[in-house]
Amino acid sequence: MLSKKKIHFEISERKVLLRIFDVFSVLSALYLVGIVFKFDYFYIAPANYYWTVVLSLYLMIFGTIFEMYNLQVASTESQMIKSIVLTVAITVLTYLLTPIYTPLLPKKRIQILFFFLAILIALFIWRYVYLKLFASHRFQKKVVLIVDSENVKEQILGLEIVDPHYKVVAVVQVNADLENVAFTEFRKSIAIDQLQHFVTQNQISEIVVATQNTNSITVVLYNQLIELLEKGFSIREYSHVYESITQRIPVQYLASDFYRYFPFSRSNQNRLYLLVVKVLEIAISLLGLLLGLGLLPLLFIFNLLWNEGPMFYTQERVGKNGTVFKILKLRTMIVNAESDKAVFAAVNDHRITPFGKFLRKTRIDELPQFINVLKGEMAVIGPRPERPIIVAAISKEMPFYETRHVIKPGLTGWAQVNFSYGESIEDSLIKLQYDLYYIKHRSIFLDINICIKTLSTVLFFRGQ
C-alpha cells in the first residue's frame, strides 16, 4: 500500500532542497559560462576550490536575509523575483569586494556582467522549476486529523496557513457528543471504523491525533492505529506537528500538564553559552551605541522638525523574573500618548509622529536600549518586554504568559521577526507562542537565525 503514496516534502526538506539546488545551479552555470565564453574570472580548479565555498556561503547567507528560503516567498512568483534580484546583487557585490578568498577583479569589466547574469539566470531557471513543479499540489502531504473538539476548522487552518502543501483531507471525530457538529462542509468526515480503509486507499501520508483525552481513543480506533503504524504510516500528536510546522508552542491546545510539552532549553542554564552570548551582547551594544552617537546630530534636528518634544523617553517594563525596570527609547509617539490609559500600539496608530514612523520602520528607535543591555536589564535577543499593566491584563487571560519572564527580555526576538505588532490579546497569544518556542529551543543557531531575520526586517522597513 505504501507504494501508492505520493511524493511529499517536509518543511525542512524543502528548505534543504532549495539551498542545495541554488548552489548547484549557480556553480553549474558559472562552469558552463567559463567553457562557452572563455570566462576565466571564476575558473573552477582544485587550486582555488575555496572560491566556490565562499560564493556558496554568501549566496545562502544573503538568500536567508532576503527570504529566498521562506517557503511562502519561494511559492509566490512576484516575491520570489524580488528576493532573487536582491540576493544576487548583494552576493555579487560582496564577492567582488572580498579580498584574499575571492579572485582579483577581472581586467575586462564585461566579465563582471557575465558573472552577475550567470548567477541571476541560473537562480531564475531553477526557482521557476521549483515553483511550477515542487510547489504544486502534486506534492501535497495528505493528512487525516483525529479530533475530539468542535474547533476543527481552527486546528486545520493553524497548520495549512503556514504550509500550503500540508493538506488535511479528512477528519475523524472521536467525541460522541460532537458527532453532529457541522464541519463536514469544511473537510470530509469519516467514521472511526473506516479510518484504516480510508488511509490505505487515499494515499494518506500522516495521521495526526489532536486529542489530549486518552479515553477518546477507543479500542476500535486504537487497533486501527496500531495496524497503520505497523504498515509504516506516520502517526503524530497534534501539538508536536503544530510546533514543527509553525515554530510556535500551541499553548491554546495544551491542558494543565503543560510542562510535559515544554522542557526548557538547556542553553538557558549552559554557562558557556551564556558567557559567549554575554560577550557578544557587550560588543554588539557598544557598536550600536557608537552608531547611535554618529546619528545623534541628525536625529536631534529631525526630532525638532517632525517630532515636537523630547527626543528620549523612559517607560516601565517587566524583565526577567518579573522585575520591573525602565526602558530607554527614542520617542516615536506624541507627548502624553497614554495620558488616559495604557493601550496596545497598532498599525497606522494615529499617536505615532511622522518622524516616529521612520524610526520604527528602521528600528532606530531601539538603539538607546543597548544601554539597558549593558546594564544587564535586557538581552539582545529575547521576548520583548511589556508594561506591567498590560502584563497583568494578559496574564489573567493566558495562564502561561508569565513563563516568558524566565529569561531576559530582548531588543529583538523570535516573535518580532515572525509576527507583526500585537494589537490585541489574540495577537499577544500568537507572540507568546513564538516566545515560548524560543525559550524551549534557545540555541546559538536560533540566535543567528533571529539576527539574520532582524536584518531582513530592517532592510525591508518592516519595523512597527
Side-chain angles (χ1 to χ4, degrees), residues 61-62 65-67 82-83 85-87 89-91 93-94 96-98 280-317 325-339 344-382 384-387 409-413 415-417 420-422 450-464:
I61 291 171
F62 292 117
I65 292 174
F66 293 111
E67 301 185 327
K82 178 182 177 182
S83 65
V85 171
L86 287 171
T87 298
I90 301 301
T91 297
L93 180 63
T94 305
L96 290 171
L97 298 179
T98 303
L280 290 175
E281 285 180 341
I282 292 173
I284 293 171
S285 298
L286 292 175
L287 289 174
L289 290 174
L290 284 174
L291 174 62
L293 287 173
L295 295 174
L296 193 59
L298 288 175
L299 295 174
F300 179 76
I301 294 172
F302 293 148
N303 184 76
L304 287 176
L305 295 175
W306 294 300
N307 233 10
E308 297 180 1
M311 187 161 65
F312 298 96
Y313 87 102
T314 61
Q315 192 176 63
E316 286 191 342
R317 298 291 176 97
F325 69 98
K326 287 191 175 181
I327 197 172
L328 179 64
K329 294 186 68 174
L330 291 171
R331 186 175 56 84
T332 59
M333 290 188 175
I334 59 176
V335 178
N336 297 323
E338 293 183 337
S339 55
F344 287 101
V347 177
N348 298 321
D349 197 315
H350 69 278
R351 299 172 299 165
I352 301 175
T353 66
F355 185 50
K357 290 181 180 179
F358 170 77
L359 293 176
R360 286 178 173 237
K361 288 290 184 184
T362 57
R363 294 285 185 93
I364 292 176
D365 64 315
E366 312 284 0
L367 288 177
Q369 290 172 48
F370 284 119
I371 295 176
N372 294 110
V373 175
L374 292 176
K375 291 170 65 177
E377 298 166 334
M378 291 180 63
V380 172
I381 297 174
R384 284 296 295 163
E386 270 295 355
R387 284 159 289 177
L411 274 74
T412 185
Q416 280 62 50
V417 298
S420 59
Y421 229 89
I450 293 171
C451 290
I452 291 174
K453 285 178 175 287
T454 300
L455 285 174
S456 176
T457 300
V458 173
L459 291 172
F460 285 117
F461 290 88
R462 293 193 185 124
Q464 295 182 36

Can you name the residues that form a side chain to side chain contact (heavy atoms under 4.5 Å, CB included) with [X], not counting sequence neighbours?
X: Pro310; result: Arg331, Val335
X: Thr98; result: Tyr58, Thr94, Thr102
X: Leu289; result: Phe370, Ile371, Leu374
X: Leu455; result: Ile65

For [X], side chain to side chain donor-acceptor pair (under 3.5 Å) partners two or more places apart:
X: Thr314; value: none
X: Ser285; value: none
X: Gln369; value: Glu366, Arg384
X: Asn303; value: Asn307

Check: [Y] and [X] side chains under 4.5 Å, non-hydrogen atoms:
X: Gln315; Y: Lys329; value: no
X: Pro385; Y: Met378; value: yes
X: Thr332; Y: Lys357; value: no

Set of ring pair (Phe, Tyr, Trp, His ring centres under 6.0 Å) partners for Phe312, sequence neighbours left out: none

For Phe325, all residues meeting ring pair (Phe, Tyr, Trp, His ring centres under 6.0 Å), sequence neighbours excluded: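 Result, ring pair (Phe, Tyr, Trp, His ring centres under 6.0 Å) vs Phe325: none returned.
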
Closest heavy-atom contact between [X] and [Y]?
X: Cys451; Y: Ile381; value: SG-CD1, 3.7 Å
X: Trp306; Y: Thr353; value: O-CB, 3.8 Å
X: Asp365; Y: Leu359; value: OD1-O, 3.1 Å
X: Lys326; Y: Asn372; value: O-ND2, 3.0 Å

side-chain contact (heavy atoms from CB on, under 4.5 Å) evaluation trace for Phe62 with Leu86: CA-CA 8 Å; Phe62 292 117; Leu86 287 171; over 6 Å; no

Set of residues satisfying salt bridge (charged side-chain N to carboxylate O under 4.0 Å, His left out) with respect to Lys375, sequence neighbours excluded: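 Here the qualifying residues are Glu377.
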
How many angstroms lie between atom [atom1] of [X] and atom [atom2] of [Y], to the nearest 0.5 angstrom?
X: Leu296; Y: Ile301; atom1: CG; atom2: CD1; result: 10.0 Å
X: Leu367; Y: Leu411; atom1: CG; atom2: CG; result: 8.5 Å
X: Arg363; Y: Leu330; atom1: CZ; atom2: CG; result: 14.0 Å
X: Ile364; Y: Leu298; atom1: CD1; atom2: CG; result: 9.5 Å

